[in-house]
S.K.: 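Just dropping this structure here.
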Amino acid sequence: MVTCCVTEGRVEAIVPIRQNERMNKNDWLDEDLLRQFESDGTNAHRLCTIDDGWAERFAADVLISYKIQAAQEILLTEFDSWRKSMGITPARIFARFLPKKNEERETPKLLLGAADESLQTIATENHLKFEIDFGAGYSVGLFVDQRENRRFVRQSKPKRMLNCFAYTCSFSVAASVAGARTANVDLSKKSLERGRQNFALNELSTDGHQFIADDVRPVLRRLERRGEKFDMIILDPPTFSRTKGGKAFHVEKDFEELIAAALEVAERDARILLSTNCETLDEQALERMARYCLKLARRSGSLRRQSPPADFPPGTGAKTVWLTLR
C-alpha cells in the first residue's frame, strides 16, 4: 500500500506502507492461506492466477476463467493435483471463456458435477453470506478481488454510503453490518433484487436502504440538486456499459467526470473508493484523475493505494485507490 497526501490536487508526501506477502503467478493457494481463509469465515477466493486465466473457489464449487483453451486445460490439470494434495473434493467445476468484447460474454458452463442440482449456492466472506448464481450470466455475483475493500468499508463504519454500480450490493451488505444506511444504484433491476436477497441472507433489514435502478450519472445529479450527502462513496464502474436508452459509459473516458460528480455529494471527511479492472488504467491514472477533480472542486484530501488481497499476485485484480477528503 502507498499513501500520498494531496492538497487542492498537489502531492505533498508519499509514505510507503509495508505490504503483506502475496501469491505469485502460477502459484496455487498454500495450506496456510487456505486455513486462514477458513478461520476468517471466507470460502470465496482466488486459487491460482496464470497469464491467460485463473481459478476461483465459491464455497464447494470452483470456477475456471480462461482467455485461451490451453489455459483452461492447464488450470484443470493443476487444480486436480492441488485439490488431491489438499484433500479437497469440489462439488462442481464450472468454466467460462473471457472474451475481449462484452457482447461475447457467456454464462459459465458446467464441466464436472451433477447437472440436475441448483446453479445457486451460498459463499461466505468474513462470515458474511452472498448468493452465487452460475446460471445468471457472465458474472456469478461476487467479485473476490474487492474483499479487502469490503473489509475496509466494514471497519470504517460509515453512516451513509452511496454504492454506485452496486451490482449485487456486496459493499452495502458490509456497510449495513456496521450500521450504515445505503443508496444502491445500478442499471439492472435483477442485480439489485439479488442485492436485496444478500441483505436477507445476512438477516439485515432493507429499511433505510435505497435500491435505484438507473444510470449512475443522472442519479448523482439528482442527489446533488436535493443536497444529499454521503460519508462514503463506492465508485467501481465496469469498463464499458450501455443504458437502455443507448448512452454508453467508457471508464477510460468517463471516470473523471464520475469522480467530479461524486465530490459534489461527498461530506467534508468522506471516503471515496476509486476502483477499476480496466487493463489500460492503473493506480497512477486513478490518482491523476482524483487530483484533477480535487483541484476543480477546490477540495483537499489524501490518496491511499490498496494492495490486492493475499490470493492475488501483484498486478492482478482490481486497481484501487481510496480518496479521503478533509
Side-chain angles (χ1 to χ4, degrees), residues 1-12 146 148-167 169-176 178-186 208-212 214-238 249 251 253-276 281 283-306 318-326:
M1 232 174 344
V2 174
T3 299
C4 55
C5 296
V6 180
T7 301
E8 292 187 358
R10 297 188 299 274
V11 176
E12 293 179 343
Q146 294 288 359
E148 294 307 313
N149 287 325
R150 284 187 287 267
R151 187 198 301 271
F152 181 71
V153 167
R154 191 172 175 179
Q155 293 173 341
S156 298
K157 298 182 179 180
K159 295 178 180 178
R160 193 173 187 221
M161 189 182 81
L162 175 61
N163 190 1
C164 302
F165 309 96
Y167 187 39
C169 307
S170 60
F171 275 103
S172 296
V173 169
S176 180
R181 294 177 295 127
T182 69
N184 302 276
V185 186
D186 198 276
H209 300 273
Q210 297 173 277
F211 299 85
I212 306 166
D214 201 347
D215 182 0
V216 165
R217 289 167 290 186
V219 171
L220 283 169
R221 290 193 290 270
R222 291 199 299 269
L223 292 171
E224 180 189 356
R225 287 195 297 269
R226 294 202 293 261
E228 298 197 41
K229 298 291 183 179
F230 302 84
D231 63 339
M232 182 168 281
I233 300 173
I234 304 299
L235 298 180
D236 180 26
F249 175 88
V251 70
K253 180 172 66 73
D254 297 321
F255 206 168
E256 199 168 85
E257 177 187 350
L258 195 65
I259 297 169
L263 286 172
E264 298 301 319
V265 296
E267 293 278 12
R268 179 188 176 96
D269 298 321
R271 290 186 172 101
I272 304 176
L273 172 66
L274 312 177
S275 187
T276 181
L281 294 179
E283 290 86 353
Q284 288 183 335
L286 295 178
E287 289 168 356
R288 285 195 299 270
M289 292 179 189
R291 288 194 291 268
Y292 176 73
C293 292
L294 284 170
K295 184 176 181 179
L296 285 180
R298 297 182 179 275
R299 300 190 69 170
S300 62
S302 61
L303 296 168
R304 177 178 63 85
R305 295 186 192 181
Q306 177 68 55
K319 279 81 72 175
T320 294
V321 173
W322 279 98
L323 168 59
T324 301
L325 299 176
R326 60 172 188 261

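Everything numeric here is computed off the predicted structure, so don't read it as measured data. Atoms considered below: every heavy atom in the structure, side chains included; atoms not considered: hydrogens, waters and symmetry mates. Position 1 is the first residue of the sequence, and the numbers go up from there.
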S.K.: With no hydrogens and no angle check, just 3.5 Å: does a side-chain donor-acceptor pair link S275 and Q146?
M.R.: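 On atom types as modelled, these side chains qualify, holding a pair under 3.5 Å.
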S.K.: Is it true that K159 and E267 make a salt bridge, defined as a side-chain N closer than 4.0 Å to a carboxylate O?
M.R.: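 Not counted as a salt bridge, because no side-chain N and carboxylate O are separated by less than 4.0 Å.
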S.K.: Is a donor on one side and an acceptor on the other found under 3.5 Å between the side chain of N184 and the backbone of Q210?
M.R.: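 Yes, because the side chain of N184 sits within donor-acceptor range (under 3.5 Å) of the backbone of Q210.
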S.K.: Does NZ or CZ of R304 fall inside the cone over F152's six-membered ring, less than 6.0 Å from its centre and within 45° of the axis?
M.R.: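 Geometry flag: set, cation within 6.0 Å and 45°.
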S.K.: Please name the pair of heavy atoms, one in V251 and one in P238, separated by the smallest distance, quoted to 0.1 Å.
M.R.: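 Shortest heavy-atom separation between V251 and P238 comes out as CB-O, 3.7 Å.
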S.K.: Measure the spacing between CD1 of I233 and CG of L258 and express it to the nearest 0.5 Å.
M.R.: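 One gets 9.5 Å once the value is rounded to the nearest 0.5 Å.
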S.K.: Looking only at non-hydrogen atoms, find the nearest pair between V265 and E228 and report the distance.
M.R.: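 V265 and E228 have their closest heavy atoms at CB-O, 3.6 Å.
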S.K.: I need the N163 CG to D186 CG distance, nearest 0.5 Å.
M.R.: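 Between N163 CG and D186 CG, I get 8.5 Å after rounding to 0.5 Å.
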S.K.: Would you check if L286 and R305 make a side-chain contact, meaning some heavy-atom pair closer than 4.5 Å?
M.R.: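 A side-chain contact under 4.5 Å is absent here.
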S.K.: Evaluate the criterion side-chain contact (heavy atoms from CB on, under 4.5 Å) for residue pair M289 and L281; output intermediate values, then yes/no.
M.R.: CA-CA 11 Å; M289 292 179 189; L281 294 179; 4.0 Å; yes
S.K.: Apply ring-ring contact (aromatic ring centres under 6.0 Å, His included) to F255 and list each qualifying residue two or more places apart in sequence or on a separate chain.
M.R.: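 Partners of F255 by the ring-ring contact (aromatic ring centres under 6.0 Å, His included) criterion come out as none, since no residue qualifies.
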S.K.: Of T182, D231, L220, which is the lone residue that meets side-chain contact (heavy atoms from CB on, under 4.5 Å) with L162?
M.R.: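 Running side-chain contact (heavy atoms from CB on, under 4.5 Å) over T182, D231, L220 with L162 returns exactly one hit, L220.
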S.K.: Restricting to non-hydrogen atoms, name the atom on L303 and the atom on A290 that form the minimum distance, rounded to 0.1 Å.
M.R.: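 Minimum heavy-atom contact is CD2-CB, 3.8 Å.
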S.K.: To check you understand the geometry: which heavy-atom pair defines the closest contact between A174 and R150, and what is its length?
M.R.: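 Minimum heavy-atom separation between A174 and R150: CB-O, 3.7 Å.
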S.K.: Is the shortest heavy-atom distance from the side chain of W322 to the side chain of N149 under 4.5 Å?
M.R.: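 Yes; the side chains approach each other to less than 4.5 Å.
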S.K.: Write down the atom of V153, the atom of P158, and the distance for their closest heavy-atom approach.
M.R.: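 The pair with the smallest heavy-atom distance is O-CD, 3.3 Å.
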S.K.: If you measure from CE on M232 to OG on S172, what distance do you get to the nearest 0.5 Å?
M.R.: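 Result: 11.0 Å between the selected atoms.
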S.K.: Salt bridge check, E224 against R221: does any charged N sit closer than 4.0 Å to a carboxylate O?
M.R.: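 Answer for the salt bridge query: no.
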S.K.: Between atom OG of S300 and atom CZ of R268, what is the distance when rounded to the nearest 0.5 Å?
M.R.: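 It comes to 8.0 Å.
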S.K.: Can you check whether L325 reaches R299 side chain to side chain, under 4.5 Å on heavy atoms?
M.R.: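 Answer yes - side chains close enough.
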S.K.: Measure from the side-chain N and O atoms of K229 to the backbone N and O of E264, and report whether any donor-acceptor pair falls under 3.5 Å.
M.R.: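 Present.
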S.K.: Let me confirm one number: the CG-CG distance from L263 to L323, rounded to the nearest 0.5 Å.
M.R.: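 Atom-to-atom, L263:CG and L323:CG are 6.5 Å apart.
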S.K.: Crowded around R226 CZ? As in, over 12 foreign heavy atoms under 6.0 Å?
M.R.: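 Yes, the 6.0 Å shell around CZ holds more than 12 heavy atoms from other groups.
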S.K.: Which heavy atom in F230 sits nearest to a heavy atom in A270, and how many Å separate them?
M.R.: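 Answer, listing the atom of F230 first, then A270: O-CB, 3.5 Å.
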S.K.: When rounded to the nearest 0.5 angstrom, what distance separates CD1 in I259 from CD1 in I272?
M.R.: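 One finds 8.0 Å between CD1 of I259 and CD1 of I272.
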S.K.: Measure the shortest side-chain to side-chain distance between L273 and L235 over non-hydrogen atoms and say whether it is less than 4.5 angstrom.
M.R.: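 No, side chains not in contact.
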